[in-house]
Visitor: 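Can you read through this structure? Questions will come right after.
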Amino acid sequence: MAVRFFNTLTQQVDDFSTQDGKTVRMYTCGPTVYHFVHIGNLRTFTFQDLLRRWLRYRGYTLNHVMNITDVEDKIIRNAMQQGKTLGEYTEVYEKAFLEDIDKLRLERPERLVRATEHIQEMLDAIAKLKQDGYTYVSDGSVYYRIAQFPNYGKLARLDFSGMKSGARVDVDEYDKDDARDFVLWKQRKEGEPYWDSDFGAGRPGWHIECSVMAMKYLGETLDIHAGGIDLTFPHHENEIAQSEAITHKTFSRFWLHAEHLMVEGQKMSKSLGNFYTLRDLMEQGWQPDVIRYLLTSAHYRTKLNFTMDGLRSHASSLERLRNFKLRLDGEKFPDGTNTQLIERTATALRDFELAMDDDLNTAGALAAIFEFIRDANSAMDGAQFTAGNREPAQALLAAFDSIFDILRPVEREGGLSDEAIDALVNERIAAKKAKNFARSDEIRNLLLEQGVILEDTREGTRWKRK
RNA sequence: GGCGCGGUAGCCAAGUGGUAAGGCAGAGGUCUGCAAAACCUUUAUUCGGGGGUUCGAUUCCCCCCCGCGCCUCCA
């Protein structure tokens, strides 16, 4: 069964393929580095990470390009206010972005590209559009003339028939011939950063950077273009208009869009006070692995309700997953091989894969893993889980974790050393043997205060860090 | 107003034209010196409300209510 994705372009779930049968040419819209990215941005980037990992799991080679928008109105405004150059201003947030995605264990794309490093390519593209009659100049800025591009609206499925061409529909600060037209090159304003060009001093519009950088590194036709759902229109629609006007070829075969998340049941906004960055959440004591787990657990095309309760719930759930891994890796099992359990493991892997193939149904994939864990725990309790079952089960967890990447605990600094913990654990075992339960419990509590949890099993005491 | 998505147990969240996954939380139990972990039982006769199609609908159609998104630079 092939990997299938919901394609915004066709409005249905389509079998995925690449042009050359192997390499996925993938472009995703990255951050605008004017501030720290928020949890909603990170939801979209987490989806992109899952997408990458699943494609690799299915044998594809990745060629993924992500842009960093480092020239834009808010960036210019903030940089000017702070008396900084664009680069001085944006490097702080670009660095912060990279730190954040590292904390969430989001893989780096094969290539991260900055808009400001592709100004010449953008100018070349605008020149080509001008030559083919797709542009006009108004108040010194260069605009794209939508009326020249008949397919406009095919992605967002917007009906423009009711809109009057040439009407000044809104009070935009720029004069446009048609409300749908958008700027390719903005004329310089006094005091703002600018680049010299044949179109006059100015700076690029937003949409052109993605068309240009995507095609420069990935060719004229992409396999996948992905981003947040709000980018469908106008950003992605405009990217199509620009790119296809230049090449007369399909810009991207698949368009994947991640839904937004809600925070505590409401739209995330600064005014509601529910606007979180990863840093905010970590200051509140939430670990990034729990946040990653919450973001991966719901299907990417549903509105995910991000709540503190949800984080608590997922922290517990994550403990269950890790407890199982500890048990699987550390416990002694009877010799032999329970073939029924081997089959059960294979079924779990198959269910996991089927769910992921089906438009990245992470909730379904998790269910397959949890059902297996229950059965395996049960078998272990009943001494039915044998030594020969360990490796297949570990392979299943490895497959799962190659996508979800949550089983490895976050590294902590400080605290007791392994040796110190072992010494105390041994002292407690001796106390228990002597039926000195007061001392035994004292040690257990002492360790608990240090974030170490003890579990007495049939084979002795094992410990883990909280 | 136009277009679109969604409303499933206390919370989160899958799913299908044939009788409701999974996680968290709660209750009871097994195990344990006590815990922890794990397991077992239990918690939606029902999938926003009302019609319709059908042998049968949570799943398809229509209407209504509610939430949300897009409709010019917001993931």
Side-chain angles (χ1 to χ4, degrees), chain A residues 11 28-32 37-48 69 72-74 146 153 156-160 162-163 169-170 172 174 176 178-183 205-207 226-235 237-238 257-262 265-269 293-294 297-299 301-307 309-321 323-324 326-327 351 355 358 361-371 373-382 432 435-437 440-441 444-445 448 453-458 461-464:
Chain A
Q11 293 289 302
T28 61
C29 288
T32 299
V37 293
H38 56 67
I39 193 65
N41 295 321
L42 291 169
R43 196 249 172 129
T44 298
F45 298 138
T46 302
F47 147 68
Q48 292 170 3
T69 300
E72 175 266 356
D73 287 349
K74 286 188 286 280
I146 289 298
R157 289 168 194 264
L158 293 177
D159 179 8
F160 297 102
M163 293 175 82
V169 174
D170 62 5
D172 199 283
Y174 303 101
K176 298 188 283 190
D178 183 316
R180 302 171 299 169
D181 292 346
F182 58 91
V183 71
W206 176 35
H207 313 297
I229 192 168
D230 54 322
L231 296 183
T232 310
F233 189 87
H235 184 53
E237 195 68 57
N238 290 350
H257 291 103
E259 248 297 352
H260 282 183
L261 59 68
M262 317 274 290
Q266 289 184 292
K267 181 181 178 177
M268 180 173 62
S269 75
Y293 182 34
L294 177 56
S297 64
H299 187 93
R301 285 192 292 114
T302 65
K303 290 182 186 72
L304 185 156
N305 190 11
F306 189 93
T307 66
D309 267 355
L311 284 169
R312 268 185 287 278
S313 159
H314 280 78
S316 300
S317 181
L318 185 52
E319 272 307 297
R320 180 168 161 78
L321 289 168
N323 284 338
F324 178 71
L326 282 177
R327 190 176 189 189
D351 289 348
D358 185 14
N361 184 351
T362 49
L366 275 166
I369 297 301
F370 275 108
E371 285 177 62
I373 287 177
R374 186 193 56 223
D375 290 348
N377 268 322
S378 187
M380 289 176 188
D381 287 352
K432 268 181 57 161
K435 302 247 184 247
N436 182 356
F437 296 122
S440 160
D441 290 349
R444 188 167 63 197
N445 288 332
L448 185 61
I453 295 170
L454 300 191
E455 293 173 4
D456 293 333
T457 72
R458 223 177 268 148
T461 302
R462 75 174 170 228
W463 59 267
K464 64 186 180 187

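Everything numeric in this text was worked out from a predicted model, so none of it was measured. Protein chains get the first letters and strands the later ones, always in sequence-line order, with residue 1 at the start of each.
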Visitor: To the nearest Å, give me how far apart CD (A/E371) and P (B/A21) are.
Guide: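 So the CD-P distance, A/E371 to B/A21, works out to 9 Å.
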
Visitor: Between B/C71 and B/U45, how many Å separate the two C1' atoms, rounded to a whole number?
Guide: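 To the nearest whole Å, 44 Å.
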
Visitor: Can you tell me, in whole Å, how much space there is between the C1' of B/A44 and that of B/G52?
Guide: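 Looking at atom C1' only, B/A44 and B/G52 are 25 Å apart.
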
Visitor: Taking the C1' atom of each, how far is B/C62 from B/U53, in whole Å?
Guide: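 The same atom, C1', in both gives a distance of 11 Å.
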
Visitor: With a 4.0 Å cut-off on heavy atoms, is A/G310 in touch with a base, just the backbone sugar-phosphate, or nothing at all?
Guide: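 If one applies the 4.0 Å heavy-atom cut-off, A/G310 turns out to touch nothing in the nucleic acid.
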
Visitor: Which of parallel (below 30°), tilted (30 to 60°) and perpendicular (above 60°) describes A/H235 and A/H207?
Guide: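 Tilted: the ring planes of A/H235 and A/H207 meet at 30° to 60°.
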
Visitor: In Å, rounded to the nearest 0.5 Å, how long is the span from CE of A/M380 to CG of A/D375?
Guide: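 Taking CE in A/M380 and CG in A/D375, the distance rounds to 11.0 Å.
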
Visitor: Considering all heavy atoms of both residues, which atom of A/E259 and which atom of A/I229 are nearest to each other, and what is their separation?
Guide: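 Result for this residue pair: OE2-CD1, 3.7 Å.
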
Visitor: Are A/E455 and A/N323 side-chain neighbours, meaning at least one heavy-atom pair lies under 4.5 Å?
Guide: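 Sidechains of A/N323 and A/E455: in contact.
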
Visitor: Heavy atoms under 4.0 Å, any strand shown: does A/L294 hit a base, just sugar-phosphate, or nothing?
Guide: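 Touches nothing.
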
Visitor: Please determine whether a side-chain nitrogen or oxygen atom of A/T302 lies at a distance below 4.0 Å from atom OP1 or OP2 of B/A14.
Guide: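 Checking B/A14 against A/T302, a side-chain N or O does come within under 4.0 Å of OP1 or OP2.
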
Visitor: Choose from B/C24, B/C73, B/A75 the nucleotide whose nearest atom is closest to any side-chain atom of A/S313.
Guide: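 Output: B/C24.
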
Visitor: Indicate whether OP1 or OP2 belonging to B/C74 is found under 4.0 Å from a side-chain N or O atom of A/T32.
Guide: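 For A/T32, the contact criterion (side-chain N or O under 4.0 Å from OP1 or OP2 of B/C74) is not met.
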
Visitor: So, under a plain 3.5 Å distance rule, would you say the side chain of A/S440 forms a donor-acceptor pair with the base of B/G33?
Guide: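 Such a pair is found, so the answer is yes.
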
Visitor: If you write RNA chain B from 5' to 3' in dot-bracket form, with Watson-Crick or G-U pairs under 3.5 Å, [ ] for crossing pairs and | for pairs with another strand, what do you get?
Guide: (((((((..(((.....[...))).(((((.......))))).....(((((..]....))))))))))))....

Visitor: Indicate, with a heavy-atom threshold strictly under 4.0 Å, whether A/R301 touches base, sugar-phosphate, or nothing.
Guide: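 Touches nothing.
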
Visitor: Quick one about A/T28 and A/Q48 (side-chain donor to acceptor, distance below 3.5 Å, no hydrogens or angles considered), yes or no?
Guide: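 Yes, side-chain donor-acceptor contact under 3.5 Å.
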
Visitor: Is there, by distance only and without an angle test, a donor paired with an acceptor across the side chain of A/N361 and the base of B/G15 below 3.5 Å?
Guide: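 No pair found.
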
Visitor: Look at the side chain of A/P234 and decide which nucleotide, out of B/C68, B/C71, B/A21, has an atom nearest to it.
Guide: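 Out of B/C68, B/C71, B/A21, the nucleotide with an atom closest to A/P234's side chain is B/C71.
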
Visitor: Checking all strands, does A/Q266 fall into the base, sugar-phosphate, or nothing category for heavy-atom contacts under 4.0 angstrom?
Guide: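 It contacts nothing in the nucleic acid.
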
Visitor: From CZ of A/F233 over to P of B/A75, roughly how many Å is that when rounded to an integer?
Guide: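 So the CZ-P distance, A/F233 to B/A75, works out to 17 Å.
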
Visitor: If you look at every strand shown and take non-hydrogen atoms under 4.0 Å, does A/L454 touch a base, only sugar-phosphate, or nothing?
Guide: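 Base, at least one base heavy atom under 4.0 Å.
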
Visitor: Separation of A/N305 atom CG from B/U8 atom P, in whole Å?
Guide: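 Rounded to the whole Å, the gap is 11 Å.
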
Visitor: For A/K303, does its backbone N or O pair with a side-chain atom of A/R43 as donor and acceptor, under 3.5 Å?
Guide: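 Between the backbone of A/K303 and the side chain of A/R43 there is no qualifying donor-acceptor contact (under 3.5 Å).
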
Visitor: Identify whether any heavy atom of A/H260 sits under 4.0 Å from a base atom; if not, whether one sits that close to sugar-phosphate; answer base, sugar-phosphate or nothing.
Guide: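 Contact class for A/H260: base.
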
Visitor: How close or far is atom C1' of B/U32 from atom CZ of A/F437, stated in whole angstroms?
Guide: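 A/F437 atom CZ is separated from B/U32 atom C1' by 10 Å.
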
Visitor: As a quick check of understanding, evaluate side chain to side chain contact (heavy atoms under 4.5 Å, CB included) for A/F370 and A/L321, giving each step before the final call.
Guide: CA-CA 8 Å; A/F370 275 108; A/L321 289 168; 3.7 Å; yes

Visitor: Whole Å only: how far is the CD1 atom of A/I229 from the P atom of B/C71?
Guide: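 In whole Å, B/C71 P lies 11 Å from A/I229 CD1.
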
Visitor: Return the nearest nucleotide to the side chain of A/R374; candidates are B/A14, B/A37, B/C39.
Guide: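 Minimum distance to the A/R374 side chain belongs to B/C39.
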
Visitor: Counting side-chain heavy atoms from CB outward, which of B/A38, B/A35, B/C24 is closest to A/N323?
Guide: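 So the side chain of A/N323 is nearest to B/A38.
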
Visitor: Taking the minimum atom-to-atom distance to the side chain of A/E72, which one of B/C74, B/A36, B/C34 wins?
Guide: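 That would be B/C74.
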
Visitor: A/K435 near the nucleic acid: base, sugar-phosphate alone, or nothing, with a heavy-atom cut-off under 4.0 Å?
Guide: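 No contact.
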
Visitor: Between B/C34 and B/U42, how far apart are the two P atoms, rounded to whole Å?
Guide: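 Looking at atom P only, B/C34 and B/U42 are 27 Å apart.
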
Visitor: Roughly how many Å is it from CG in A/L311 to C1' in B/C24, rounded to a whole number?
Guide: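 Interatomic distance, CG of A/L311 to C1' of B/C24: 12 Å.
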
Visitor: Measuring only the C1' atom in each nucleotide, how far is B/C31 from B/A37? A whole number of Å is fine.
Guide: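 To the nearest whole Å, 11 Å.
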
Visitor: Taking only the side-chain nitrogens and oxygens of A/K74, find out if one of them lies under 4.0 Å from OP1 or OP2 of B/C74.
Guide: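 The answer is yes; a side-chain N or O of A/K74 sits under 4.0 Å from OP1 or OP2.
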
Visitor: When you get a sec, tell me which of B/C39, B/G33, B/A75 is the closest nucleotide to the side chain of A/D381?
Guide: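 It is B/C39.
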
Visitor: Select one nucleotide: of B/C39, B/G23, B/C34, the one nearest the side-chain heavy atoms of A/F370.
Guide: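 The nucleotide sitting nearest to the side chain is B/G23.
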
Visitor: Figure out the CZ/P separation between A/R320 and B/C12, and round it to whole Å.
Guide: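 Atom-to-atom, A/R320 to B/C12, this comes out as 21 Å.
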
Visitor: Please figure out whether A/K267 or A/G40 has its closest RNA chain B nucleotide nearer the 5' end.
Guide: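 With A/G40 and A/K267 compared, the 5'-side residue is A/K267.
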
Visitor: Is there a donor and acceptor pair closer than 3.5 Å between the side chain of A/R444 and the base of B/C34?
Guide: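 Indeed, a donor on one side and an acceptor on the other fall under 3.5 Å apart.
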
Visitor: For RNA chain B, whose closest nucleotide is more 5', that of A/S317 or that of A/C29?
Guide: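 Counting from the 5' end, the first nearest nucleotide belongs to A/S317.
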
Visitor: Mind checking the P distance from B/U43 to B/G15? Whole angstroms is fine.
Guide: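 Rounded to whole Å, the distance is 24 Å.
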
Visitor: Base, sugar-phosphate, or nothing: which does A/N238 touch, judged by heavy atoms less than 4.0 Å apart?
Guide: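 The answer is nothing, as A/N238 stays clear of every strand by at least 4.0 Å.
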
Visitor: Which value, rounded to the nearest 0.5 Å, describes the distance between A/F324 atom CZ and A/R374 atom CZ?
Guide: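 So the CZ of A/F324 and the CZ of A/R374 are separated by 12.0 Å.
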
Visitor: Is a side-chain donor or acceptor of A/S440 paired with a backbone partner of A/N436 at a separation under 3.5 angstrom?
Guide: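 Side chain of A/S440 to backbone of A/N436: no pair is present.
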
Visitor: Under a 4.5 Å cut-off applied to non-hydrogen side-chain atoms, are A/D456 and A/K432 in contact?
Guide: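 With C-beta onward as the side chain, the pair touches.
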
Visitor: Would you indicate what A/H38 reaches in the nucleic acid, counting non-hydrogen atoms under 4.0 angstrom: base, sugar-phosphate, or nothing?
Guide: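 A/H38: base contact, heavy atoms under 4.0 Å.
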
Visitor: Rounded to the nearest Å, what distance is computed from the CG atom of residue A/D309 to the P atom of nucleotide B/G26?
Guide: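 My rounded result for the distance is 12 Å.
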
Visitor: Rounded to the nearest 0.5 Å, how far does CZ of A/F233 lie from CZ of A/R180?
Guide: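 Reported to 0.5 Å precision, the distance equals 8.5 Å.
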
Visitor: Would you measure the distance from the C1' atom in B/G26 across to the matching atom in B/C66 and give it in whole Å?
Guide: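 Taking atom C1' in both B/G26 and B/C66, they lie 29 Å apart.
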
Visitor: Which one, B/C73, B/G33, B/C5, comes nearest to the side chain of A/K303?
Guide: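 That would be B/C5.
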
Visitor: Provide the distance between the two P atoms, one in B/A13 and one in B/G7, to the nearest whole Å.
Guide: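 Here B/A13 and B/G7 have their P atoms 10 Å from each other.
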
Visitor: Could you state the interatomic distance from CG (A/L448) to CD1 (A/I453), rounded to the nearest 0.5 Å?
Guide: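 A/L448 CG to A/I453 CD1: 6.5 Å, rounded to 0.5 Å.
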
Visitor: Determine whether any donor atom in the side chain of A/D230 lies under 3.5 Å from an acceptor atom in the base of B/C73, or the reverse, and answer yes or no.
Guide: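 Per atom types, no contact qualifies.
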
Visitor: So what does A/N377 touch, heavy atoms closer than 4.0 Å: a base, only the sugar-phosphate, or nothing?
Guide: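 The residue A/N377 makes sugar-phosphate contact but no base contact.
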
Visitor: Answer yes or no: side-chain N or O of A/R43 and base N or O of B/A75 forming a donor-acceptor pair under 3.5 Å.
Guide: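 Such a pair does not exist between side chain and base.
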
Visitor: Phosphate oxygens OP1/OP2 of B/C12: is one of them under 4.0 Å from a side-chain N or O of A/R312?
Guide: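 For A/R312, the contact criterion (side-chain N or O under 4.0 Å from OP1 or OP2 of B/C12) is not met.
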
